[in-house]
Amino acid sequence: MRADNTRQTSKSSRHRAMMAWRLGRRAAKDNPPADRADMQQHVQELWLRESGQIRRTTSGSKYDAAAKAFVAGYFSVTPDESSPNWVLLPTYKKVAAVVMAMNEEQSIMSTIRELERMPLHEIIVIVNGSTDSSLMTARTSGKAIILHYNEALGHDVGRAIGAKITTSDIVLFLDADIPVSAEQLVPFVLAISRGVDVALNDLSRYVGRFSDWDNVTILKHFLNRSNHRNDLSMNSMTAVPHALSRKAIEVIGFANLAIPPKAQAMAMQQGLLVGTGGSVNVFTKNRHRKDNVGVSNPISKLIIGDHLEALGWAMQEESPRLKYVDQLRRRECTKNVNKHNHSYL
């Protein structure tokens, strides 16, 4: 039975890809680009207009396959021109990416090139505190807007600055030291386009058993649990990639994005829809540095401090006990209840 289902799914995927290819070829014949048009944006617009049912009913790898088939079909009309390795987006909304970079000359272009595979409205790169060639390397991109700071800002402050200057409806946040494929970023865009305000990277499958968690992971989980969001496990805005809607950026406020756990607590407390987007294993890709290795390294201490600030803010806004009931007070109240269930005053 399982083999039959697998064959049926595979057949359905091939059929969907063939339909997308034909749509792309027909779109190329019926809608030639205007002079000096941005070809990537032109094909993106045709994909959204022509793909309708296919786009709305597929996701994950099936979506990627259908979108790539559409691109291949479009460029099949001009066989002398190879089909570009573009990743089309599933939304009409404008999408931006904010990338933090500090001494990332080895990986910064890999990160930017993946972003350039998508028809993004903005690519904002914050190069800060770099003593290597990160700035000059980033400048070779024809699409990225580069903000340069001589001093080290820290990842979180840089993201807040990047968010402030964007004008897009959906904003992706990444670090240049962890290149993520364009295909892996699409689920975050899709989540926001479907109504989520904060789309977190779902790392729950990579952290193992609770008994193996470090203090940072436990605090991330506690912050979510204290805000009535057990379902989020230990997923956090501290981790990249993640995405925000324009509404989330405005409700949380640019400055508060500099403290990701506090921004997350504010999002949960103020009624924004917080969920997960994709699932990218950044643990294996994260570059080891002297300040992020060891049990009590400076980065972990900073993150712990940020979580304590977030919990303090949440306790002021909701209750000093957050969601946790004072069990001693509850027992006293229960003991002093008469037959009519009214507490004695």
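These values consider heavy atoms only, across backbone and side chains, with no hydrogens, waters or symmetry-generated copies.
Residues V87 and W21 fall into different hydrophobic clusters, defined by Ile, Leu, Val, Met, Phe, Trp and Tyr side chains chained together at heavy-atom separations under 4.5 Å. Both V274 and L244 belong to a common hydrophobic cluster when Ile, Leu, Val, Met, Phe, Trp and Tyr are linked at side-chain heavy-atom distances under 4.5 angstrom. When the side chains of ILVMFWY residues are joined at heavy-atom separations under 4.5 Å, either directly or via intervening members, I192 and L48 end up in a single hydrophobic cluster. Follow the hydrophobic side-chain contacts under 4.5 Å out from F283 and you reach L185 in the same cluster. Cluster membership check: W313 does not share its hydrophobic cluster with I259, using side-chain heavy-atom separations under 4.5 Å among Ile, Leu, Val, Met, Phe, Trp and Tyr.
Applying the side-chain hydrogen bond (donor to acceptor under 3.5 Å, both in side chains) criterion to Q269, with sequence neighbours excluded, gives N227, E318. Residues meeting the side-chain hydrogen bond (donor to acceptor under 3.5 Å, both in side chains) test with S130, sequence neighbours left out: none. For L308, the side chain to side chain contact (heavy atoms under 4.5 Å, CB included) partners at least two apart in sequence or on another chain are I304. The side-chain hydrogen bond (donor to acceptor under 3.5 Å, both in side chains) test applied to N230 returns no partner, not counting sequence neighbours. Partners of E122 by salt bridge (charged side-chain N to carboxylate O under 4.0 Å, His left out), not counting sequence neighbours: none found. In this view, R49 and N31, L46 satisfy the side chain to side chain contact (heavy atoms under 4.5 Å, CB included) rule, not counting sequence neighbours. Taking N235 as the reference, D202 meet the side-chain hydrogen bond (donor to acceptor under 3.5 Å, both in side chains) condition, with sequence neighbours excluded.
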Check the pair L147, I165 against side chain to side chain contact (heavy atoms under 4.5 Å, CB included), reporting the backbone distance first and the verdict last. CA-CA 10 Å; L147 299 184; I165 71 169; 3.4 Å; yes
Walk me through whether Y74 and H42 qualify under side chain to side chain contact (heavy atoms under 4.5 Å, CB included). CA-CA 11 Å; Y74 182 92; H42 175 66; 3.2 Å; yes
Given the rule in the side-chain hydrogen bond (donor to acceptor under 3.5 Å, both in side chains) test, do R246 and T167 qualify, once you have shown the distances and angles that lead to the verdict? CA-CA 8 Å; R246 175 55 48 186; T167 61; over 6 Å; no
Are K262 and M237 close enough, and set up right, to give a side chain to side chain contact (heavy atoms under 4.5 Å, CB included), and what steps lead you there? CA-CA 9 Å; K262 181 180 179 182; M237 285 178 65; over 6 Å; no
Which is it for M102 and L153 under the side chain to side chain contact (heavy atoms under 4.5 Å, CB included) test, yes or no, and what are the steps along the way? CA-CA 9 Å; M102 178 179 172; L153 302 176; over 6 Å; no
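In this structure, P90 and Y63 have side chains that are in contact, with non-hydrogen atoms separated by less than 4.5 Å. Looking only at side-chain heavy atoms (C-beta outward), L322 and L311 come within less than 4.5 Å of each other. Side-chain contact between I146 and V127 is present, with at least one heavy-atom pair separated by less than 4.5 Å. Residues N281 and T284 form a side-chain contact, since some pair of their non-hydrogen atoms from C-beta on lies under 4.5 Å apart. Between S181 and Q184 there is a side-chain heavy-atom pair separated by less than 4.5 Å. Taking the side chain as every heavy atom from C-beta outward, S193 and I170 approach each other to under 4.5 Å. Using a 4.5 Å heavy-atom threshold, the side chains of S279 and R205 count as touching. You'll find the side chain of V282 reaches within 4.5 Å of the side chain of P241, heavy atoms only.
Applying the ring pair (Phe, Tyr, Trp, His ring centres under 6.0 Å) test to pairs two or more places apart or on separate chains, none has a residue in residues 174-206. Evaluation of the side-chain hydrogen bond (donor to acceptor under 3.5 Å, both in side chains) test over residues 83-100, restricted to residues two or more places apart or in two chains, returns N85-R117. Every pair passing salt bridge (Lys or Arg N to Asp or Glu O under 4.0 Å) that includes a residue from residues 20-45 is listed here, sequence neighbours excluded: R26-E50. Counting only residues at least two apart or in different chains, ring pair (Phe, Tyr, Trp, His ring centres under 6.0 Å) contacts with residues 105-152 are absent. Pairs passing the ring pair (Phe, Tyr, Trp, His ring centres under 6.0 Å) check and including a residue from residues 214-265, sequence neighbours excluded, read F173-H242, W213-H221, F222-Y324.
Of the candidates L219, L223, T217, M234 forms a side chain to side chain contact (heavy atoms under 4.5 Å, CB included) with just one, namely T217.
No more than 12 heavy atoms of other residues, nucleotides or ligands shown are found within 6.0 angstrom of CZ on R139. Surrounding NZ of K143 are more than 12 heavy atoms belonging to other residues, nucleotides or ligands, all under 6.0 Å away.
Here the closest heavy-atom approach between residue I108 and residue A101 is recorded as CD1-CB, 3.6 Å. When all heavy atoms are compared, the tightest approach of S51 to L23 is CA-CD1, 4.3 Å. Nearest heavy atoms, L190 versus S59: CD2-CB, 4.2 Å. The minimum heavy-atom distance linking T166 with A96 is given by the pair CG2-CB, 4.1 Å. Looking at every heavy atom in both residues, A191 comes nearest to G277 through CB-CA, 4.1 Å. Here the closest non-hydrogen pair linking G158 and M100 is CA-SD, 3.2 Å.
In this structure, L174 CG and I112 CD1 are separated by 11.0 Å, a value rounded to the nearest 0.5 Å. For the atom pair OG (S236) and CG (D306), the distance works out to 9.5 Å, reported to the nearest 0.5 Å. Here the straight-line distance linking atom CD1 of I54 with atom NZ of K62 works out to 13.5 Å at 0.5 Å rounding.
The backbone N or O of A248 lies less than 3.5 Å from a partner atom in the side chain of S245, making a donor-acceptor pair. Distance alone, capped at 3.5 Å, places no donor-acceptor pair between the N224 side chain and the R229 backbone. Although no hydrogens or angles enter the test, the distance criterion places no donor-acceptor pair under 3.5 Å between the side chain of T276 and the main chain of N201. The main-chain N or O of L273 is found under 3.5 Å from a side-chain atom of D197 such that the two form a donor-acceptor pair. Between the side chain of S133 and the backbone N or O of M136, no donor-acceptor pair lies under 3.5 Å. D177 contributes no side-chain N or O that, together with a main-chain N or O of E104, makes up a donor-acceptor pair within less than 3.5 Å. Remark: the backbone N or O of A182 is paired with a side-chain donor or acceptor of E114 at under 3.5 angstrom. Looking only at distances, a side-chain donor or acceptor of Q44 sits under 3.5 Å from a matching main-chain atom of L89. Checked by atom type and distance alone, the side chain of Q40 pairs as donor or acceptor with a backbone atom of E116 at under 3.5 Å. For N103 (side chain) and T131 (main-chain N/O), a donor-acceptor pair under 3.5 Å exists by modelled atom type.
Under 4.0 Å is where a charged nitrogen must lie from a carboxylate oxygen, and between R159 and D175 at least one such pair does.
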